[in-house]
Asker: 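Got a structure here, written out as structure tokens. Questions coming.
So you know, we letter chains A, B, ... as the sequences are listed, proteins then strands, and number each from 1.
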Amino acid sequence: MSKKGFFAPLCATAAFALMASGAQATGFATCDAGPREGWQPQDKLSAMLKEKGWQVRRIKEDGGCYEVYALDEKGQRTESYFHPRTLAPVPRGAKDHKG
Amino acid sequence: MKIWDRFVRVAHWSLAASVLAAWITAESKLKSVERLHEWLGYVALAVIGLRFAWGWIGPRYARFGQFVAAPLRVLAYAKALLRGVEPRYLGHNPLGGWMIVALLATAALASLTGWLSVTDRFWGVEWLQEAHELLGNGLIALAAFHVAGVVYTSWRQRENLAAAMVSGVKRPPEPGDVA
């Protein structure tokens with residue numbers, strides 16, 4: 001086999017794998033939250049969770065939900081999902097959760 | 001002739017297995033698989049730590065000093081390789097030796113960033129998660145090149161080098177080989 005002959009497919013496969021891993025939603029849940037105008041601000045969710053005694057580390061969007069990295073009131077690491085419209089908790093594995 | 005001692009062989013295959021399994025179990029939605037992924041990382045890190053120590057105290061062909069070649073020697077080997085006149089090495093060849101260093105270092109960093117990102121202190125830290133993913137994918141890419149190098153060298157030398165990593169035995173040196 002020539003060098004070119006196996007180099008190119010190898011690179012193509014690697015590139016494809018990287019793109020495929022970046023494109024799909026990898027989270028634990030997805031939400032059906034409608035247009036962004038109806039979403040509540042992340043700060044409000046953060047304040048709400050701090051009220052409960054959580055240490056909020058990061059909030060980001062994932063699969064149309066708010067994804068929260070935090071230490072909960074017991075100090076346990078948690079990665080939880082909340083509905084952007086209602087800020088209700090979204091169970092793990094939920095698909096297109098309506099809030 | 002015995003080249004790879006038992007520790008090197010066990011370390012090689014357990015690291016290969018844990019890295020591959022960790023890659024497959026990455027980004028799982030199941031808690032149990034997530035836990036498995038974490039444990040595979042701890043196993044990998046332990047193996048790397050022991051292998052690193054063995055690289056200083058182990059037998060001849062296990063030692064970094066034996067197979068980590070100076071840049072000029074690597075260049076000379078690469079040139080010879082392109083001209084198809086590269087010598088046979090009983091241990092790692094200069095390019096293969098550096099691949100081992102790259103694999104061990106990348107696997108160590110991938111494990112460490114993964115470990116840190118599930119500690120209370122670094123939970124949810126974005127750059128660690130990004131770095132972990134990049135290192136994991138980079139490690140698999142390196143491993144693919146490692147396997148390609150092994151296949152090519154096996155073909156060039158008419159000796160199954162993957163089987164040698166199981167038995168530890170390689171054909172005795174002939175004139176012109178680097179022992």
Asker: Out of curiosity, B:K170 NZ to B:Y61 OH, how far, rounded to the nearest 0.5 Å?
Answerer: 8.5 Å
Asker: Could you measure the distance from the CZ atom of B:F7 to the CG atom of B:L50? Nearest 0.5 Å is fine.
Answerer: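 Spacing of CZ (B:F7) from CG (B:L50) equals 4.5 Å.
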Asker: Of all the residues in residues 69-80 of chain A, which have a heavy atom that comes within less than 4.5 Å of a heavy atom in chain B?
Answerer: A:Y69, A:A70, A:L71, A:G75, A:R77, A:T78, A:E79
Asker: Counting only heavy atoms not in A:K44 (residues, nucleotides, ligands), do more than 12 fall under 6.0 Å from its NZ?
Answerer: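 At most 12 heavy atoms, drawn from other residues, nucleotides or ligands, come within 6.0 Å of this atom.
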Asker: Okay, side chain of B:H37, backbone of B:S28: is any donor-acceptor separation there less than 3.5 Å?
Answerer: no
Asker: When only heavy atoms count and the cut-off is under 4.5 Å, which of residues 50-60 of chain A reach chain B?
Answerer: A:R57, A:R58
Asker: Is any side-chain heavy atom of B:E133 closer than 4.5 Å to a side-chain heavy atom of B:E27?
Answerer: yes
Asker: Regarding A:Y81 and A:D62, do their side chains bring together a donor and an acceptor under 3.5 Å, going by distance alone?
Answerer: yes
Asker: Are the charged groups of B:E38 and B:R35 less than 4.0 angstrom apart, N to O?
Answerer: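 Salt bridge flag = yes for B:R35 with B:E38.
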Asker: Rounded to the nearest 0.5 Å, what's the gap from CH2 on B:W56 to CZ on B:R51? Could you check?
Answerer: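 If we round to the nearest 0.5 Å, B:W56:CH2 and B:R51:CZ are 11.5 Å apart.
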Asker: Under a 4.0 Å N-O cut-off, is there an ion pair linking B:E86 with B:R83?
Answerer: no
